[in-house]
Amino acid sequence: MTIAEMVELLVGGLAIGCIYSLIALGLSIIIRATGVLNFAQGEVVMLGAMFGLATYRLVPLPFPALFVAGALFAGVMAVIIELLIYRTLRVRRVPMVNIVISTIAMSILLQNGAQLVWGSEPIAYPRLFALEGLQLGPVRVAPQLVWIVVLALGMMLALQLFLRFTRAGLSVQAVAQDPEAAQLMGINLTRAVASTYGIAGILGGAAGVLLGSMFYASFNMGFLPGIKAFVAATLGGLGSIGGAMLGGIVFGLIETFTATSISTAYKDAVGMVLLIVILLVLPQGFAGAMRRGR
Amino acid sequence: MLEVEDLTVAYGEIVALRGVSFSVKRGEIVTLIGGNGAGKSTLLRTISGMTTIKRGSISFEGTTTSGAPVDRVVSMGIAHVPEGRRVFPKLAVEDNLIVGAHLIASKAQIRSDIEGIYDTFPRLKERRRQLAESLSGGEQQMLAIGRAMMSRPKLLLLDEPSLGLAPIIVEDVARTILSLRKRGMTILLVEQNARVALAIADRGYVIENGRIVFSNDASALRRDPRVVESYLGGRASADMGRIPAVAS
Ligand SMILES: Nc1ncnc2c1ncn2[C@@H]1O[C@H](COP(=O)(O)OP(=O)(O)OP(=O)(O)O)[C@@H](O)[C@H]1O
Ligand SMILES: [Mg+2]
């Protein structure tokens with residue numbers, strides 16, 4: 001492998017890794033706020049991709065605008081699903097497991113719904129980027145990958161700023177740390193949890209537009225990335241924000257490099273082997289390992 | 001200001017409060033003393049709207065609050081410092097205060113209220129950027145009280161603020177409560193530590209097994225043989241020597 005090929009792979013791995021990070025972040029904030037493993041997060045990703053595409057067909061906007069449209073639509077959908085279904089279950093005080101199972105049902109339902117609306121055939125994203133590679137010294141990088149990395153990292157930065165420096169962000173954190181105490185501050189839990197789903201939806205939808213632009217959009221495109229994001233989040237330490245970001249990127253890189261050095265056919269299996277290994281040797285993920293190191 | 005009437009609360013089969021009635025008048029410090037499992041926390045949680053009422057009613061400044069959601073109760077002017085402090089461990093001290101002001105719209109007001117809290121608790125100002133989990137128990141209690149004050153309440157509910165604190169720190173907390181009252185706050189204090197509670201309160205109620213068994217002025221309760229026997233370790237006034245020092 002030449003240096004140039006190496007760098008190209010690295011950027012590709014980074015791009016897909018950033019996408020996993022965005023999905024994993026959504027999973028993590030939902031786990032922190034409600035304890036729910038949201039198996040429908042992958043379908044929120046799919047909705048973002050589909051809506052980004054639908055928007056383009058309506059008005060051929062430039063990529064960043066599609067990115068925002070897909071993200072916002074997915075966010076709204078996530079809030080609707082939370083208020084309509086998960087909240088209703090919570091209010092009835094059903095056991096947590098039942099809510100998790102309902103997210104699996106939601107995942108299947110959304111896939112079927114999307115199949116009905118958009119058909120079973122994968123739909124290619126329009127060519128939104130120059131094909132000409134960006135020449136960086138001896139290395140050539142696809143502009144699309146650069147866009148993906150920049151938009152995804154921008155999104156993660158925005159999330160951090162929101163959580164740390166806005167009152168709404170601090171409230172979201174407070175609810176995650178101690179919902180009961182947060183309630184005593186006058187925070188409305190229903191609204192706080194709905195906004196958490198909304199933020200997770202925005203992150204997922206953004207990931208969907210990026211993923212769609214890299215490959216294609218299809219009704220089941222979110223399923224496997226959703227599962228892989230779980231691996232990424234576990235790798236980083238389930239529920240940790242920094243861990244989800246790092247876990248996604250590391251997972252994307254590992255997957256990309258094993259695909260080229262071993263075989264593309266076993267790429268997905270490698271990820272799952274990785275999950276089992278992490279659970280065995282590093283059950284708390286990166287975040288846990290760092291805490292222990294301190 | 002606060003009227004609780006015939007309040008009955010149950011957790012499934014377990015009845016935690018059985019027909020509790022009492023009142024708090026503006027400017028008072030009222031204490032409820034009782035042992036483990038007497039129903040003290042349940043009572044405060046019910047006033048805040050965290051549990052559902054089986055029978056009875058609660059009204060605050062003439063408005064019925066029973067059945068209202070927690071955020072509504074907070075916005076009416078009741079702040080609750082929960083048992084065990086419950087500060088947000090991974091938020092900085094100052095961010096805890098900001099979250100406490102959730103219902104306050106004006107940023108300028110929040111800013112000046114935070115400065116007010118720092119004047120009362122200089123230790124919090126020194127540690128404003130530290131995570132709340134890194135504070136000592138006493139500092140966390142101060143933060144929990146400060147955080148509750150951020151909603152600009154008229155009535156402060158305190159659930160065992162002395163819990164797990166060294167005696168000298170408990171005196172600090174007691175002094176803080178007195179200084180809050182001096183500035184016009186009305187306080188309902190729930191305690192197992194009857195010694196401190198009766199030293200700073202105007203009136204007290206004794207709660208056992210979900211029932212109020214008797215009540216009186218705090219000074220009278222301090223000498224009441226039933227209180228001395230069960231809540232002051234059987235040793236009467238000799239041990240109460242320190243109390244006036246706290247009260248002054
Ligand atoms: N969430 C709950 N579910 C079931 N029972 C509860 C619950 N919370 C409290 N109880 C029961 O209600 C009764 C009153 O509890 P409560 O916490 O109000 O007592 P307390 O006076 O605050 O005690 P402590 O001094 O130990 O804090 C106890 O018998 C307790 O076991
Ligand atoms: Mg209690």
Side-chain angles (χ1 to χ4, degrees), chain A residues 25 28-29 31-35 83 87 90-95 159-196 236-245 284 287-288 290-291 294, chain B residues 12 41 44-45 47-52 68-92 94-107 110-111 129 131-133 140 143-144 146-153 156-159:
Chain A
L25 274 172
S28 272
I29 61 172
I31 289 170
R32 274 160 45 118
T34 64
L83 290 178
R87 184 191 55 152
R90 259 201 321 279
V91 168
R92 302 210 171 142
R93 295 178 196 280
V94 308
L159 177 71
Q160 286 296 334
L161 295 177
F162 168 76
L163 288 176
R164 282 185 199 196
F165 299 114
T166 70
R167 289 175 64 193
L170 290 174
S171 299
V172 166
Q173 285 199 66
V175 169
Q177 290 173 28
D178 191 335
E180 227 179 63
Q183 227 179 337
L184 290 178
M185 305 298 113
I187 294 175
N188 178 320
L189 280 193
T190 300
R191 216 174 299 158
V193 172
S195 23
T196 302
L238 217 48
S240 148
I241 299 277
M245 293 199 274
Q284 306 289 316
M290 257 156 63
R291 264 198 300 280
R294 239 189 268 150
Chain B
S41 297
L44 293 193
R45 293 167 54 82
I47 295 171
S48 289
M50 308 270 290
T51 60
T52 43
V70 188
D71 47 336
R72 178 93 193 83
V73 174
V74 178
S75 70
M76 287 171 79
I78 299 181
H80 181 163
V81 180
E83 183 174 319
R85 336 197 200 292
R86 306 283 285 273
V87 294
F88 301 112
K90 304 280 184 198
L91 291 187
E94 189 153 310
D95 289 342
N96 265 273
L97 295 177
I98 292 173
V99 172
H102 184 78
L103 294 176
I104 307 286
S106 151
K107 275 198 172 149
I110 294 174
R111 208 51 256 169
R129 305 253 165 263
L131 294 187
E133 66 182 357
Q140 287 190 16
L143 177 57
R147 182 181 66 174
M149 296 300 296
M150 290 299 295
S151 68
R152 294 211 165 176
L156 195 60
L157 311 177
L158 297 171
D159 196 342

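Hydrogens, waters and symmetry mates play no part in the numbers below; they use all other heavy atoms, side chains included. Note that this is a predicted model, so its numbers are computed, not measured. Just so it is clear: chains get the letters A, B, ... in the order the sequence lines come, proteins before strands, and each one is counted from 1.
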* Top residue by heavy-atom pair count (under 4.5 Å) with chain A, among B:Ser75, B:Ala148, B:Pro89? ->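 Heavy-atom pairs under 4.5 Å are most numerous for B:Pro89.
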* Most heavy-atom pairs under 4.5 angstrom with chain A, which of B:Arg147, B:Arg45, B:His102? ->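 If we count pairs closer than 4.5 Å to chain A, B:His102 comes out on top.
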* Results of side-chain hydrogen bond (donor to acceptor under 3.5 Å, both in side chains) for B:Ser48 - residues two or more places apart only ->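 B:His80.
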* For B:Arg72, is it the side chain, the backbone, both, or neither that has a heavy atom closer than 4.5 Å to a heavy atom of chain A? ->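 B:Arg72 has no heavy atom closer than 4.5 Å to chain A.
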* Asked: Non-hydrogen atoms of chain B under 4.5 Å away: do they reach the side chain of A:Gln173, the backbone, both or neither?
  ->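 The side chain, not the backbone.
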* **A:Ala182, part contacting chain B, at a heavy-atom distance under 4.5 Å** =>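 Contact with chain B involves both backbone and side-chain atoms of A:Ala182.
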* To do: Report the residue from B:Ile104, B:Ile98, B:Ile110 that forms a side chain to side chain contact (heavy atoms under 4.5 Å, CB included) with B:Met150.
  =>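 For B:Met150, the side chain to side chain contact (heavy atoms under 4.5 Å, CB included) test succeeds with only one of B:Ile104, B:Ile98, B:Ile110, which is B:Ile110.
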* Side chain A:Arg167, main chain B:Ala101, donor-acceptor under 3.5 Å ->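 Judged by distance alone, yes, a pair lies under 3.5 Å.
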* Does B:Gln140 use its side chain to pair, donor to acceptor, with the backbone of B:Val87 at less than 3.5 Å? ->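 No: the side chain of B:Gln140 does not pair with the backbone of B:Val87.
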* **Residues which pass side chain to side chain contact (heavy atoms under 4.5 Å, CB included) with A:Asp178, listed by chain and number, not counting sequence neighbours** =>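 If we apply the side chain to side chain contact (heavy atoms under 4.5 Å, CB included) test to A:Asp178, skipping adjacent residues, the hits are A:Glu180, A:Ala181, B:Arg86, B:Phe88.
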